[in-house]
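Chain A is the first sequence line, chain B the second, and so forth, proteins listed ahead of strands; every chain is numbered from 1.
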Amino acid sequence: MAETIRHSWQISPQQSVRLQRELAPHVRCTPLARPVRTIAGVDCAFFDSGRQIVAVAVLMQAKTLEIMAMAYAVDQVRMPYVPGLLSFREAPTQFEAVSQLPQSPDLVLVDGAGQAHPRRLGIASHLGLWLGIPTVGVAKSRLCGRHRAVGRRRGCCVKLIDGGEVLGGVLRTRDDVKPLYVSAGHLITLAEALKWTLRTARQYRLPEPIRAADRIAGQLKTRIAEHSGQFSPM
DNA sequence: GCGACAG
DNA sequence: ATCTTGTCGC
């Protein structure tokens, strides 16, 4: 079975970069080892003036996208947002949320990069190493790499290249809508990552698992803030 | 030194 | 990410 990684999340930016270089070689973009029957989507929202973070994990039936369960975790924000070091800010809480699900997902869709990262360890890959299960990185914008223009129709896709290697695919999930930057996270191939991203993106740009997690996180931050005596005029 | 830069 | 109503276009 896949080995999992454990380390402290509270380290300096310099140590974070060193750790990423150390962990990247452990990521495996190999074919899915088992059929995907359940898929989870994870996303975060910030509140309390950016001092707290809530991560949500939504479990769905892979075929019907019916929601089976939802779990969340709240934490104090300990790291600022630094391009390239996003996982040190959001992954700890996301890991906790996914761990709270009643059952382990066969695949996890993460909002952010996977292999399409300067040091090949975007948040999807990093979270995958911690969970020890397949993950896909689905970013709404580009972190690194270059690519040609993407066809305007749903399903059109072009390679995202950096340093001579294919890091991911720029995929159009809806006609004439800004494409998504998809890359393998861990324990999955790029082709499979693209297939599952397109397959779960029905009538919206984002895959349903991530979209559901995003929406629920937005509702939760407001509810949690109100419950903890913060200002919420009207 | 000058840009670029997931969420 | 977050602050936020209406509005241009198909």
Is the charged tip of A:R223 near the ring of A:F47: under 6.0 Å from the six-membered ring centre and within 45° of its axis?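 No, A:R223 and A:F47 do not form such a contact.
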Review point. Is the aromatic ring centre of A:Y81 closer than 5.5 Å to the centre of the six-membered base ring of B:dG7, with the two planes inclined by less than 30°?
Key: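 Yes, aromatic ring over the base.
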_Within the supplied structure, the quantity of interest is the number of heavy atoms (other residues, nucleotides, ligands) at a distance under 6.0 Å from A:K178 NZ; does it exceed 12?_
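It does: A:K178 NZ has more than 12 such atoms within range.
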Modelled atom types, side-chain donor and acceptor of A:Q115 and A:S125, under 3.5 Å: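 Note: A:Q115 and A:S125 side chains meet the donor-acceptor criterion.
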message: Does either side chain, that of A:E96 or that of A:T93, offer a donor lying less than 3.5 Å from an acceptor on the other one?
response: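 On atom types as modelled, these side chains do not qualify, holding no pair under 3.5 Å.
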Could you go over nucleotides 1-6 of chain C and give all protein N or O partners under 3.5 Å, atom names and distances?
from	atom 1	to	atom 2	distance (Å)
C:dA1	OP2	A:K140	NZ	3.2
C:dT2	OP1	A:F46	N	3.2
C:dT2	OP1	A:K221	NZ	3.0

- request: Determine the contact category for A:I53: base if any of its heavy atoms lies under 4.0 Å from a base atom, sugar-phosphate if only primed atoms, P, OP1 or OP2 are that close, otherwise nothing.
  value: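 If one applies the 4.0 Å heavy-atom cut-off, A:I53 turns out to touch nothing in the nucleic acid.
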So A:A139, base contact, sugar-phosphate only, or nothing? Heavy-atom distance under 4.0 Å.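 Sugar-phosphate: the residue A:A139, judged by heavy atoms under 4.0 Å, touches backbone atoms but no base.
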Has A:R142 got a side-chain N or O lying under 4.0 Å from the OP1 or OP2 atom of B:dC5?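 Affirmative; the distance criterion is met.
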Exercise. Side-chain contact test, heavy atoms from C-beta onward, threshold under 4.5 Å: evaluate it for A:V42 versus A:V108 and give yes or no.
Key: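 Touching, per the 4.5 Å side-chain cut-off.
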With both pairing distances under 3.5 angstrom for Watson-Crick or G-U wobble, and | for a partner in another strand, the correct string for DNA chain B is .......
Short N-O contact, A:D162 and A:R120, less than 4.0 angstrom:
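Here A:D162 pairs with A:R120 in a salt bridge, since their nearest N and O are under 4.0 Å apart.
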_Do the side chains of A:E208 and A:R211 get close enough for a salt bridge, i.e. N-O under 4.0 angstrom?_
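Looking at A:R211 together with A:E208, the answer is yes, because their closest N to O distance falls below 4.0 Å.
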A:Y181: ring pair (Phe, Tyr, Trp, His ring centres under 6.0 Å) partners, not counting sequence neighbours: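 With sequence neighbours excluded, A:Y181 shows a ring pair (Phe, Tyr, Trp, His ring centres under 6.0 Å) to A:H147, given in chain and number order.
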Which residues satisfy the side chain to side chain donor-acceptor pair (under 3.5 Å) test with A:R153, sequence neighbours excluded?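 Once residues adjacent in sequence are excluded, the partners of A:R153 under the side chain to side chain donor-acceptor pair (under 3.5 Å) criterion are A:D175.
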Exercise for the section: Counting Watson-Crick and G-U wobble pairs whose two distances are both under 3.5 Å, find the runs of 3 or more in a row that involve DNA chain C. Expected result: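 As far as DNA chain C goes, consecutive pairing (with distances under 3.5 Å) yields no stem.
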A:V177: which other cluster members, linking ILVMFWY side chains closer than 4.5 Å, directly or transitively?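 Listed partners: none, A:V177 stands alone.
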